[in-house]
Amino acid sequence: MVTAMTLTKKDKLWYGFIIVAAILPCIPGVIGGGSFFGHVATMVLLYAAMAQSWNIISGYCGQVSFGHSVFFGIGAYAAGLAVVTFETLPWYGVPLGMLAAALVSILISYPCFRLKGHYFAIATFAIVEIFNRLFMIWDAVGGALGLDYPILPDGWENFSWSDTKTGYYIGALAIFIVVFGVVRWIERHRMGYYLLAVREGQETAESLGVNSTIVKLGAMALSAALAALCGAFFAQYNYRVDPPMVMSLDMSMKFVLITILGGVGTFWGPFLGALVLIPLQEYTRAYLTHFGAGIDLIIFGIIIIVVMIKEPRGIMGLISYFKKDKAEEGAKS
């Protein structure tokens, strides 16, 4: 049994965040109704979970993937097909989408893992384009038009609300807790050490008895399944799904950029990256549209360039830098 005496600083911060986030819907006017803040808060949690799913394979295991929108899209289409095509509940599509994404990730990753470095990354770029074109011409999933949801009764059964953001926020928070909870578990257990060993030196890890192929495939399958879970939520939230929305290089780059900005291979990096980029994206779209389309991407680029020049480890690196400065000042005094 874990007691307060055994909790680390990271644990206390983790539990504290969950408590604060869980309280937000109870504050009148903050999340409820059609509040824009409720939308932004929901998107921050969702994109943080998405980025963390990518962080498992690319941050902790060191296998940089630009193809995670494929798994995200599989999850979105699984939920969409359950509702639109089979006229049943989205809940049935979620586990099937996660399983399908995990299987697809293993099938495409096994040959790709024979490639190293930037060759693996380039291969994942190609995979996104292949799946995007496949779904564009696949009539069974709606082709280029995608799937448009019917009007569904509000409630948890259909995971649909027309006049409030509270349900969606709670759903995004639940996904956030699941994804970050899985990563926290990985950090504390043997799997985390295996991932770090492969990242730091695959040949060295293998010489110590680590089966790098199994470790990488397991990490990719878990990463893909969690990305698919996020994709299912995304489809429900937007009430439609089509290839450009979910299976595009643009969506794949969001996985990457959020994590890089926050700090690759760190627990809180994906959340900090989403906390900066997603409000920036949503508020610039809302209030700076008169400057033309893409203004949010220009600001994205400037922020990432500045942060990478100052500290390549991202926001988490900046935090460590300031902590180190304060510690040195305290030692001198």
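Not measured: the values here are computed from a predicted model. These numbers come from the heavy atoms of this one structure, side chains and all, not from hydrogens, waters or symmetry mates.
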Undergrad: Would you say the side chains of E129 and N132 form a donor-acceptor pair under 3.5 Å?
TA: no
Undergrad: Do you know which two heavy atoms are closest between G143 and Y77, and how far apart they sit?
TA: O-OH, 4.4 Å
Undergrad: Quick check for you: to the nearest 0.5 Å, what is the distance between C230 atom SG and H68 atom NE2?
TA: 10.0 Å
Undergrad: To the nearest 0.5 Å, tell me how far L89 CG sits from L152 CG.
TA: 9.0 Å
Undergrad: Return yes if some donor-acceptor pair links the side-chain N/O of S109 with the main-chain N/O of L217 below 3.5 Å, else return no.
TA: no
Undergrad: Is any side-chain heavy atom of D154 closer than 4.5 Å to one of T164?
TA: no
Undergrad: Side chains of T124 and V128: does their closest heavy-atom pair fall under 4.5 Å?
TA: no
Undergrad: Would you compute the distance between atom CD1 of I315 and atom CG of L275 and round it to the nearest 0.5 angstrom?
TA: 8.0 Å
Undergrad: Test your reading of the model: is there a side-chain donor-acceptor pair from S58 to the backbone of N55, 3.5 Å cut-off?
TA: no
Undergrad: Heavy-atom count around F36 CZ within 6.0 Å, excluding the residue itself: above 12?
TA: yes
Undergrad: Is any side-chain heavy atom of D242 closer than 4.5 Å to one of L145?
TA: no
Undergrad: A side-chain contact here means heavy atoms from C-beta on lying under 4.5 Å apart; do L46 and F234 qualify?
TA: yes
Undergrad: Can you confirm whether Q52 sits close enough to V182 that some side-chain heavy atom of one is under 4.5 Å from a side-chain heavy atom of the other?
TA: no
Undergrad: Would you say W91's side chain and E157's backbone share a donor-acceptor pair under 3.5 angstrom?
TA: yes
Undergrad: Are any of the side-chain heavy atoms of V264 and V64 separated by less than 4.5 Å?
TA: no
Undergrad: Just checking Y110: does its OH atom have more than 12 heavy atoms from other residues, nucleotides or ligands closer to it than 6.0 angstrom?
TA: no
Undergrad: Show the nearest heavy-atom pair for residues F180 and A48, with the distance to one decimal.
TA: CE1-O, 3.6 Å
Undergrad: Keeping the roles fixed (side chain from S105, backbone from A102), state whether a donor-acceptor pair exists under 3.5 Å.
TA: yes
Undergrad: Would you call M220 and F71 a side-chain contact if the rule is heavy atoms closer than 4.5 Å?
TA: yes
Undergrad: Assign the ring pair F255 / F72 to parallel, tilted or perpendicular, where the plane angle (0 to 90°) is split at 30° and 60°.
TA: perpendicular
Undergrad: Please work out whether the ring planes of W161 and F159 are parallel, tilted or perpendicular, with thresholds of 30° and 60°.
TA: perpendicular
Undergrad: Check whether more than 12 heavy atoms from other residues, nucleotides or ligands sit under 6.0 Å from atom CH2 of W138, and answer yes or no.
TA: no
Undergrad: Ignoring hydrogens and angles, state whether a donor on the side chain of Y168 or Q236 is under 3.5 Å from an acceptor on the partner side chain.
TA: no
Undergrad: Nearest 0.5 Å, what's the CG-OG1 distance between L277 and T259?
TA: 10.0 Å
Undergrad: When the ring planes of F17 and F176 are compared, do they come out parallel, tilted or perpendicular, using 30° and 60° as the limits?
TA: tilted
Undergrad: Run the side chain to side chain contact (heavy atoms under 4.5 Å, CB included) check on L81 and L96 step by step: do they pass?
TA: CA-CA 11 Å; L81 287 170; L96 294 176; over 6 Å; no
Undergrad: Verify side chain to side chain contact (heavy atoms under 4.5 Å, CB included) between L13 and F267, making sure each step is shown before the conclusion.
TA: CA-CA 11 Å; L13 183 60; F267 181 74; over 6 Å; no
Undergrad: State whether the side chain of S207 and the backbone N or O of T204 hold a donor-acceptor pair below 3.5 Å, judged by distance alone.
TA: yes
Undergrad: Using the rule side chain to side chain donor-acceptor pair (under 3.5 Å), only one of Y237, Y149, Y239 pairs with S160; which is it?
TA: Y239
Undergrad: Measure across F120 and C112 and return the closest heavy-atom pair with its distance rounded to 0.1 Å.
TA: CD1-O, 3.3 Å
Undergrad: For a 4.5 angstrom cut-off between non-hydrogen side-chain atoms, does M191 reach Y194?
TA: no
Undergrad: Say whether, by atom type as modelled, one donor and one acceptor occur between the side chain of S248 and the main chain of M245 under 3.5 angstrom.
TA: no
